[in-house]
There are 2 protein chains.
Amino acid sequence: MEQPFDVFSANCPSRAAWEHVTGRWGALVLGALADGPMRFGAVRRAVGGVSDRMLSQTLQALERDGLVHREDHGTNPPHVEYSVTPAGRRVADSVVALVETIHDVMPTVMSARAGA
Amino acid sequence: MEQPFDVFSANCPSRAAWEHVTGRWGALVLGALADGPMRFGAVRRAVGGVSDRMLSQTLQALERDGLVHREDHGTNPPHVEYSVTPAGRRVADSVVALVETIHDVMPTVMSARAGA
DNA sequence: CAGCATCCTTATCGATACTG
DNA sequence: CAGTATCGATAAGGATGCTG
């Protein structure tokens with residue numbers, strides 16, 4: 001027995017984690033961090049189009065879910081490093097695989113959109 | 001040579017496909033259809049919390065992207081079957097893998113949320 | 001059954017300004 | 001640098017009612 005979790009159920013706690021990960025910026029942030037620890041500004045540059053506000057919120061949600069680790073060096077000027085936790089790495093790897101799959105099928109998507 | 005596509009770029013056409021797939025319902029619908037062709041009502045029951053309206057929009061976006069195939073039997077009462085296309089199957093498989101990863105790490109997420 | 005049209009509420013997000 | 005606070009526009013989404 002096991003896995004009492006089911007993202008297809010609206011009220012399962014895994015649904016919230018699912019939405020943090022697959023939300024507008026969650027997966028992209030995780031994908032960026034999959035390459036290694038990065039500072040706030042580096043993540044912002046890596047993820048095209050994200051604002052300070054959204055990045056901050058996204059990182060906080062992922063940190064609360066234990067998928068991202070936040071390391072504040074407490075210096076001035078501030079120096080904070082974000083990285084994936086072991087659990088976060090597993091999720092990030094799956095996200096990266098999904099990104100690659102999307103890239104792979106893009107030619108098909110483009111011709112479908114064109115009204116192939 | 002190639003992969004001119006990059007979801008990390010805000011203006012890449014793959015970003016739109018990415019958002020259709022990782023949007024609130026996209027991945028869940030794809031995940032449901034990964035099990036085989038389903039009728040509209042069956043998908044709605046499979047994906048907890050989705051409304052007619054959102055399901056309809058989501059299916060249309062995925063169909064436009066060539067990831068989902070819509071087969072209207074033209075009968076009365078209506079009988080419409082949705083299925084993944086070959087490209088959609090690849091994406092759906094990646095989505096299912098992500099779902100499973102999320103389920104796997106849920107115990108970790110739960111304890112992180114509890115303030116482990 | 002498989003949807004679409006309409007309305008309306010809510011949540012998301014971006015811009016801007018500010019702080020230690 | 002690494003954020004937070006506030007505001008306002010916009011879009012997402014739910015409820016309801018209707019159709020062939």
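Each chain gets a letter, A, B and so on, in the order its sequence line appears, and its residues count up from 1.
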Interatomic distance, [X] [atom1] vs [N] [atom2] [rounded to whole Å]:
X      : N       : atom1 : atom2 : result
M54(B) : dG14(D) : CE    : P     : 7 Å
N76(A) : dA2(D)  : CG    : P     : 12 Å
R24(B) : dA11(C) : CZ    : C1'   : 10 Å
L55(A) : dG14(C) : CG    : C1'   : 14 Å
L59(A) : dC1(D)  : CG    : P     : 16 Å
R53(A) : dC1(D)  : CZ    : P     : 21 Å
E71(B) : dG3(C)  : CD    : P     : 13 Å
Q60(A) : dG3(D)  : CD    : P     : 8 Å

(request) For the residue pair L98(B) and T22(A), establish whether any side-chain heavy-atom pair is separated by less than 4.5 Å. (result)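 Yes - at least one pair of side-chain heavy atoms lies under 4.5 Å apart.
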(message) Assess, by modelled atom type and distance only, whether the side chains of E71(A) and H73(A) contain a donor and an acceptor separated by less than 3.5 Å.
(response)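 Short answer, no.
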Could you tell me whether the side chain of [X] and the main chain of [Y] form a donor-acceptor pair under 3.5 Å?
X       : Y       : answer
S9(A)   : C12(A)  : no
R15(A)  : V7(A)   : yes
R39(B)  : Y82(B)  : no
D65(A)  : L67(A)  : no
S111(A) : T108(A) : yes

(message) I need the residues from residues 25-40 of chain A with at least one non-hydrogen atom less than 4.0 Å from DNA chain D; give them sorted by number, or say none.
(response)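 Contacts with DNA chain D under 4.0 Å: R39(A), F40(A).
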(request) Side chain of P77(B) only, please: which of dC1(C), dC13(C), dG3(D) is the nearest? (result)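 The listed nucleotide nearest to P77(B)'s side chain is dC1(C).
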(request) Among dC1(D), dA2(C), dG14(D), find the nucleotide with the atom closest to the side chain of R70(B). (result)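 Nearest listed nucleotide: dA2(C).
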(message) Check the phosphate of dC4(C) against S56(B), side-chain N and O only, distance under 4.0 Å to OP1 or OP2. Yes or no?
(response)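 It does, given that an N or O in the side chain of S56(B) lies less than 4.0 Å from OP1 or OP2 of dC4(C).
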(message) Check this one for me: any side-chain N or O of Y82(B) less than 4.0 Å away from OP1 or OP2 of dC1(C)?
(response)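 So the side chain of Y82(B) is outside the cut-off, no N or O lying under 4.0 Å from OP1 or OP2 of dC1(C).
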(request) Look at all strands and tell whether E81(A) reaches a base, only sugar-phosphate, or nothing, counting heavy atoms closer than 4.0 Å. (result)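 It contacts nothing in the nucleic acid.
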(request) Could you check D52(B) against V50(A) and say which one's nearest nucleotide on DNA chain C is further toward the 5' end? (result)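 The answer here is D52(B).
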